[in-house]
Amino acid sequence: MTNSKTDYNKLLSGIVQELKPYFGQGQQADYIPELANVDPNKFGISLAFLDGRTFTYGDSEERFSIQSISKVFTTAAAFGLIGKKLWERVDIEPSGTPFNSLLQLEQEQGIPRNPFINAGALVVTDVLMSNLNDPYADMLNFVRELSGCSSIEYNQVVVDSELDTAYRNAALAYYLKSFGNLDNHPIEVLKLYIHYCSIEMSCTELAQAFHLFARRNRLDCNIPDLTPSQLKRLNALMQTCGFYDESGEFSFLVGLPGKSGVGGGIAAVYPDFYSVAVWSPRLNEKGNSILGMKALELLTSKSGLSIF
Ligand code: GLN
């Protein structure tokens, strides 16, 4: 199905040519002050087929803040640890609201719509805090193991910067606690959540780590066992909830399960074929990378390699 005759290097550079009219549109996230210090003109992409062929362009080896892409790794770990009991505390429906919305949580009595909005990720983080021996080291090791890269780290400067200004996420954490949907102290959960968001990875490392979801083979590792059925469900969640209130748009334009972060990264998978990660810090008003979304739309349109 993946056409071995296609020159993917040429395809990627052709995509970048077509992106030129969009260069300079949007802005980096600045509600986390440290993220505003990143060069907004960075652009990298890494396309990693399951057969081992990898194609890259631009700043594909430079690490950036994965932010909400971490929600896929944390949800995978929590799902592996406690199984479907997870869905008693966090729902599996698209939210149609911004990633840091408080409104829905009030209406739905403290059960977040899905694990990929902030409220849901805080509940997932609470599960990890209660079920891992060392939730800081264990998650980092999980991500290192998936990407095959032992030097991946939290960025303490980004952690401090986000903690300084995490008013909304603190509100969400306390609110969840008031509904009885956090077992641990809200501030401890918030700190751990912010560490997970601060993990830095390159496009190539992310694409490699996302092979887990593209391959959907049972994973035996030091955190949980993840079954093929669980991995299928994680892809379904990425497809329906990976881009907050722009999930329909991403699905429509790109046609792959994926997840974005306000660091400007997007990782996506075409099950059984490839994973891809793209990074460009300028975001649209929904918090998704403008060039990242456009690049993936062009990639699946030009290659014909999407699930729809
Ligand atoms: N750390 C960020 C926050 O909680 C992550 C948001 C995102 O990437 N969408 O606001």
Side-chain angles (χ1 to χ4, degrees), residues 26-38 40 63-75 90 94-105 112-126 128 136 139 143 154-176 182 186-201 203 206 210 237-238 241-247 249-250 258-268 277-290 292-293:
Q27 285 182 349
Q28 316 100 299
D30 56 5
Y31 75 99
I32 301 172
E34 190 57 27
L35 293 184
N37 293 333
V38 175
R63 286 186 177 155
F64 58 93
S65 200
I66 68 168
Q67 292 296 320
S68 282
I69 301 173
S70 65
K71 293 176 167 88
V72 183
F73 299 129
T74 53
T75 304
V90 52
S95 68
T97 55
F99 60 84
N100 54 9
S101 170
L102 282 147
L103 191 64
Q104 215 163 40
L105 206 51
R113 268 290 172 99
N114 67 66
F116 296 158
I117 53 172
N118 290 9
L122 285 162
V123 171
V124 166
T125 302
D126 185 60
L128 296 176
Y136 284 88
M139 267 313 293
V143 173
Y154 299 120
N155 180 328
Q156 195 56 46
V157 179
V158 173
V159 168
D160 294 342
S161 176
E162 181 162 6
L163 265 177
D164 265 355
T165 53
Y167 309 116
R168 263 183 174 268
N169 285 332
L172 283 168
Y174 276 99
Y175 212 27
L176 286 162
L182 287 189
I187 291 298
E188 295 308 312
V189 175
L190 179 67
K191 273 192 199 150
L192 181 59
Y193 163 80
I194 285 176
H195 273 81
Y196 293 156
C197 290
S198 83
I199 291 174
E200 292 191 324
M201 296 170 80
C203 289
L206 263 177
F210 267 64
L237 281 169
M238 281 194 259
C241 311
F243 296 79
Y244 324 110
D245 42 346
E246 209 170 30
S247 297
E249 179 95 358
F250 186 83
K259 183 75 202 81
S260 62
V262 291
I266 298 178
V278 59
W279 172 48
S280 166
R282 291 183 194 270
L283 309 178
N284 64 20
E285 69 288 352
K286 309 275 186 184
N288 296 318
S289 170
I290 291 178
M293 281 184 68

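Just so you know, these numbers use all the heavy atoms, side chains as well, and skip hydrogens, waters and symmetry mates. All ligand and atom numbering here is 1-based and tracks the order in the structure.
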*Report yes or no: do Lys71 and Ser68 form a side-chain donor-acceptor pair below 3.5 Å?*
yes

*asked:* Can a side-chain donor-acceptor contact be found between Ser198 and Asn155 if the only test is distance below 3.5 angstrom?
replied: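 There is no such pair between these side chains.
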
*Please round to the nearest 0.5 Å and tell me the distance separating atom CG of Asn169 and atom CZ of Phe99.*
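Output value for this atom pair is 8.0 Å.
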
*Just how far is it from atom CD of Glu200 to atom OG of Ser70, taken to the nearest 0.5 Å?*
12.5 Å

*asked:* Please confirm whether Asn118 approaches ligand 1 to less than 4.0 Å, judged on its heavy atoms.
replied: yes

Within a distance under 4.0 Å of any heavy atom of [X], pick out the atoms of ligand 1 and give their elements.
X      : result
Cys197 : 1 (N)
Tyr31  : 2 (C), 3 (C), 5 (C), 6 (C), 10 (O)
Tyr244 : 7 (C), 8 (O), 9 (N)
Gly261 : 8 (O)
Asn169 : 3 (C), 4 (O), 10 (O)
Tyr193 : 1 (N), 2 (C), 3 (C), 4 (O), 5 (C)
Glu162 : 1 (N), 2 (C), 3 (C), 4 (O), 10 (O)

*Would you mind checking which non-hydrogen protein atom is closest to atom 6 (C) of ligand 1, with the distance to 0.1 Å?*
Ser68 OG, 3.1 Å

_Shortest protein heavy-atom distance from atom 1 (N) of ligand 1, along with the residue and atom involved_ =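 Answer, as residue, atom name and distance: Gln67 OE1, 2.5 Å.
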
_Residue-level breakdown please: for Asn100 versus ligand 1, do any non-hydrogen atoms fall below 4.0 Å on the side chain, on the backbone, on both, or on neither?_
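Answer for Asn100: neither.
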
_Does the plane of the ring in Tyr154 sit parallel, tilted or perpendicular to the ring in Tyr196? Use 30° and 60° as the thresholds._
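Plane angle between 30° and 60°, so tilted.
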
*Which atom pair, heavy atoms only, marks the closest approach of Pro115 to Val90?*
N-CG2, 3.5 Å

*Contact summary for Asn288 and Ser260, nearest pair of heavy atoms*: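 Heavy atoms of Asn288 and Ser260 come nearest at OD1-OG, 2.6 Å.
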
*Quick one: does Ser260 get an N or O within less than 3.5 Å of an N or O on ligand 1?*
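The answer is no, given that Ser260 and ligand 1 share no N or O pair closer than 3.5 Å.
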
*For ligand 1, is there an N or O atom under 3.5 Å from any N or O atom of Phe99?*
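It does not: no N or O of Phe99 is found under 3.5 Å from an N or O of ligand 1.
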
*Before giving the answer on side chain to side chain contact (heavy atoms under 4.5 Å, CB included), spell out for Val72 and Phe116 the whole-Å C-alpha distance, their side-chain angles and the decisive distance to 0.1 Å.*
CA-CA 7 Å; Val72 183; Phe116 296 158; 4.1 Å; yes

*Could you go step by step and tell me if Tyr31 and Asn100 meet the side-chain hydrogen bond (donor to acceptor under 3.5 Å, both in side chains) rule?*
CA-CA 12 Å; Tyr31 75 99; Asn100 54 9; 5.8 Å; no

